[in-house]
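Predicted, not measured: the structure shown is a model, and the values here were computed from it. Letters go in sequence order (proteins before strands), and every chain restarts at 1.
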Amino acid sequence: MASTVAPPLSLHHHHPHHTPFVHTPISNTTKHSLLPIFTPKATLSLSSKTHNKKTNPLLQEINKLCESRNLTEALNFLQRTNALNNAEAMGVLLQACGRHKDIETGRKVHELVSKSTQFSNDFVLNTRLVTMYSMCGSPLDSRLVFDGLQRKNLFLWNALVSGYVRNELYHGAISLFVELISVTEFKPDNFTLPCVIKACAGLLDVGLGKVIHGMAMKMGLISDVFVGNALIAIYGKCGFVEDAVEVFEYMPERNLVSWNSMISGFSENGFFKECYNTFREILKSEEGLVPDVATIVTILPICAAEGEVVIGMVVHSLAVKLGLNHDLMVNNALIHMYSKCGYLTEAQTLFAKSDNKNVVSWNTVIGGYSGEGNVCRTFDLLREMQMEPWKMKVNEVTILNVLQACLEESEMLCLKELHGYSFRHGLQDDELVANAFVAAYAKCGSLSSAEHVFYGIETKTVNSWNALIGGHAQNGDPRKALDLYIQMTYSGLAPDWKMLSARALFDRMENKILVSWNAMIAGYSQNALPDESLNLFRQMLSNGIQPYEIAITTIFGACSQLSALRLGKEIHCFTLKAHLIQDVFVGCSLIDMYAKSGCIEQSQRVFDSLKEKDEASWNVIIAGYGIHGHGNKAMELFEKMQRSGLKPDGFTFIGLLMACSHAGLVTDGLKYLNQMQSLFGIEPKLEHYACVVDMLGRAGQLDEALKLILEMPEEPDAGIWSSLLSSCRIYGDLDMGVKVAEKLLALEPDKAETYVLLSNLYAGSGKWDDVRRVRQIMKETGLQKDAGRSWIELGGEVFSFVVGDELLSESEEIQDVWRRLEEKIRIIGYKPNTDSVLHELREEEKIEVLRGHSEKLAISFGLLKTTKGATLRICKNLRICVDCHNAAKLISKAVEREIIVRDNKRFHHFKDGFCSCQDYW
DNA sequence: ATAGGGTTAG
């Protein structure tokens, strides 16, 4: 976590990108005179009436009854006192009906009003009727009142339009507005426009918003605060912050709402520093602005999002000072802020102390615990919530928040329970809830459940599609995986699972297959997954749904997995056409895709083209150079990143340490591990230690690696031991290797990979008895090692080669190509290196085994199918062996081709007889 | 009489 917290409210200077948003106080002499000056037509002549209200005993009584929500009583009172003809009293009552959403009483009053000839044409009362109905959530009734009138005025039109907007009938509101300006004699005024602008905002239609903006200028209404505020709001919501700032800057008069709207707009668009600045300007403003509930409730989520608990606390104390902390929304926002910042105790205290709680309060406090994966506490609170005497009703946010807890620990049972629960509460069809379940099931490995929910969604949105595509991208195609799994069981690998139904098998799969058979499925999915994802993607397009950034990001992820460069390029073009290219997430995944497809230069180009670079953009390019073995370049970028004003985070260091590891930069790697904590205040996590252990191991410093494992504050996991074991194998340290293997097998007894490494370790030391023993164990337990496998993408199609593959129709041809190649490179020094053939075989047999290695097949096939000079890009599921590495170097020279091989860890660029890894991998 | 900004989830 960041160790430095900005001083409260005397905040950071502007970020270089954000400099346009500087608030300059408006000087009345300059800008003001350029603008048409708006003068309100209405004058204040109500003083006698308000006076009347205070002294008239009838009105006093009505007001009192309305205040205490006794609306029926108020109506009875009017009837008793024969005051039903008192327009003012009826008006007050209608207003109260609206305020308290009492449509029953409202209807009764309506009936009385419409019966009376005296009232039926009363503009004021009818306007109040229209408003009453819309406040009660029945804009249709408003419309009926409106349509029933012979004569209308602008007040009535405005009341109807605003009622439509209040009830989110945005299209309807805009239609009414069009009708108003085209067929009536009325001119929209400073009341009409804010409503219409809000309707545009509700539809996220900035285009129309700009049209209204233009109208406001022409009609001289632009200087109205309400119009200006509405414009600030729409621009902020639609991502047009610059326009919002412009409106704000040119407003001749501003009020607190204007400032609040600016904060909100900045926040919506991620300009958090500007939020604080604006907030600070409110506090020190010369007009004596005082923050209100809206201000507090807008600024707190920003502190929450940024983890700025110190600022949050300052806001908290300010709220107390202003007496706003008892407000429900403020209290909820405070609870949220504290829990998001990790101060759960404070959040809990505020929650417990407040005697005024609503669903949001409960949801927020639940969200605090679910966010940190506290399943028990989350479900306890959910139960507790419904035991409240007034039966707190759960809503879709409750489900979404509880769901979070299941996700953290992949709690499939909880997830299902929760799904059932949401059915019982009729929340299962909520768009967000349904999508969340698709994504959650997918994440927990249950793609079929995910699909089930997905196909049940009546109107699938972009997000529904994203959830399922994302699931496929992460887990592979579940149907095919299931088929594969059944095949496995029939081949005698897991006989006890044979009797189970296919569905139950699948349920077991979440825990078993994806973990235990991870390698096998990964091998399969690398072939099938991008197709599946892309099919869904195309289906989505043909359904007329425009992919958003997330879908694109997922597709790039799928391309990255396969090094499906052509596919990736296709989608790159698509993003250019769809104007999504400047999205930071898209940019980021694009950089990653190119890096993982072997085109680090393309990554750099995309990176350079990004107007806005965030931490993630830097992280991904640093990591990209890392897997390509360009350690120095990665370090250079790491320095540049800091100079650009961005702070490296945990992910940055993973990329950086990996880069050091691949390039053998041991000293630098150790330096960075130290600096992480001392200089940047980032606690190294297991992943970081894993990189360093890997780095030391690769460099042959096995003792150092072991020392680090034993000294690090976290419990080493299987990944770390496995990496050390693999280093022991490379450097032939049998003693340490055997000990490490023991550790590893205790942690993960079912992992074939461990046995293979161990067996290879024995083989490397010539201990063939032990090799046989290990292989026997594997046979008995039914564990199978992954076959070596390589892929090559040609013309958008993926060709896959398994070691010793003879099934391919071009098999003869390929072997022929290889024999000729072998002859060519023999002349320039190729000697088969049989050290990596870890079987008990005669030398000639070993050489024959070498010839069948999948990468050699893929290279041969690639040369056969491509034109002279074309670069070959090959993907391999395991580490490339010494012999293939040697051969590839020489081939690159002999046939003057660049060959790029991605193995399971990194890239090798073979060119002119050399490899980019400088034979260190 | 009619208007603008604001809490959880995404």
Quiz item: A:Asp292 side-chain donor-acceptor pair to B:dG5 base, under 3.5 Å: yes
Distance-only donor-acceptor test, A:Asn255 side-chain atoms vs B:dG4 base atoms, 3.5 Å: yes
If I take atom [atom1] in residue [X] and atom [atom2] in nucleotide [N], what distance separates them, rounded to the nearest angstrom?
{"X": "A:Ile302", "N": "B:dT7", "atom1": "CD1", "atom2": "P", "value": "10 Å"}
{"X": "A:Lys198", "N": "B:dG5", "atom1": "NZ", "atom2": "C1'", "value": "9 Å"}
{"X": "A:Tyr133", "N": "B:dT2", "atom1": "OH", "atom2": "P", "value": "16 Å"}
{"X": "A:Met90", "N": "B:dA1", "atom1": "CE", "atom2": "C1'", "value": "16 Å"}
{"X": "A:Phe186", "N": "B:dT2", "atom1": "CZ", "atom2": "C1'", "value": "13 Å"}
{"X": "A:Ile399", "N": "B:dG10", "atom1": "CD1", "atom2": "C1'", "value": "15 Å"}

Compare the minimum distances between each of [options] and the side chain of [X], then state the nucleotide with the smallest one.
{"X": "A:Asn190", "options": "B:dG6, B:dT7, B:dA3", "answer": "B:dA3"}
{"X": "A:Thr127", "options": "B:dG5, B:dA9, B:dA1", "answer": "B:dA1"}
{"X": "A:Thr298", "options": "B:dA3, B:dT8, B:dG6", "answer": "B:dG6"}
{"X": "A:Pro194", "options": "B:dG4, B:dT8, B:dG6", "answer": "B:dG4"}
{"X": "A:Thr295", "options": "B:dT7, B:dG5, B:dA3", "answer": "B:dG5"}
{"X": "A:Met329", "options": "B:dG5, B:dG6, B:dA3", "answer": "B:dG6"}
{"X": "A:Thr131", "options": "B:dG5, B:dT2, B:dA3", "answer": "B:dT2"}
{"X": "A:Asn401", "options": "B:dG4, B:dG5, B:dT8", "answer": "B:dT8"}
{"X": "A:Ala233", "options": "B:dT7, B:dG5, B:dA1", "answer": "B:dG5"}

Does [X] have a side-chain nitrogen or oxygen under 4.0 Å from the phosphate oxygens OP1 or OP2 of [N]?
{"X": "A:Ser264", "N": "B:dG6", "result": "yes"}
{"X": "A:Lys340", "N": "B:dT8", "result": "no"}
{"X": "A:Lys152", "N": "B:dA1", "result": "no"}

Spatial distance of atom CG (A:Leu203) from atom CG (A:Leu208) [nearest 0.5 Å]: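 The CG atom of A:Leu208 is 8.0 Å from CG of A:Leu203, to the nearest 0.5 Å.
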Hey, does the side chain of [X] reach the backbone of [Y] with a donor-acceptor pair shorter than 3.5 angstrom?
{"X": "A:Lys101", "Y": "A:Met135", "result": "yes"}
{"X": "A:Arg254", "Y": "A:Phe248", "result": "yes"}
{"X": "A:Thr278", "Y": "A:Ile263", "result": "no"}

Single hit among A:Phe177, A:Phe191, A:Phe146, A:Phe123 for ring pair (Phe, Tyr, Trp, His ring centres under 6.0 Å) with A:Trp157: A:Phe146
Residues A:Asn435 and A:Asp430: side-chain donor-acceptor under 3.5 angstrom: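 The answer is no; no qualifying pair exists.
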Test ring-ring contact (aromatic ring centres under 6.0 Å, His included) applied to A:Phe279 and A:Trp259, step by step: CA-CA 8 Å; A:Phe279 182 57; A:Trp259 290 87; over 10 Å; no
Touch class at under 4.0 angstrom, heavy-atom based, for A:Val297 against every strand present: sugar-phosphate
Contacting residues from residues 153-167 of chain A, given that a heavy atom lies under 4.0 angstrom of DNA chain B: A:Asn153, A:Phe155, A:Asn158, A:Ser162, A:Arg166
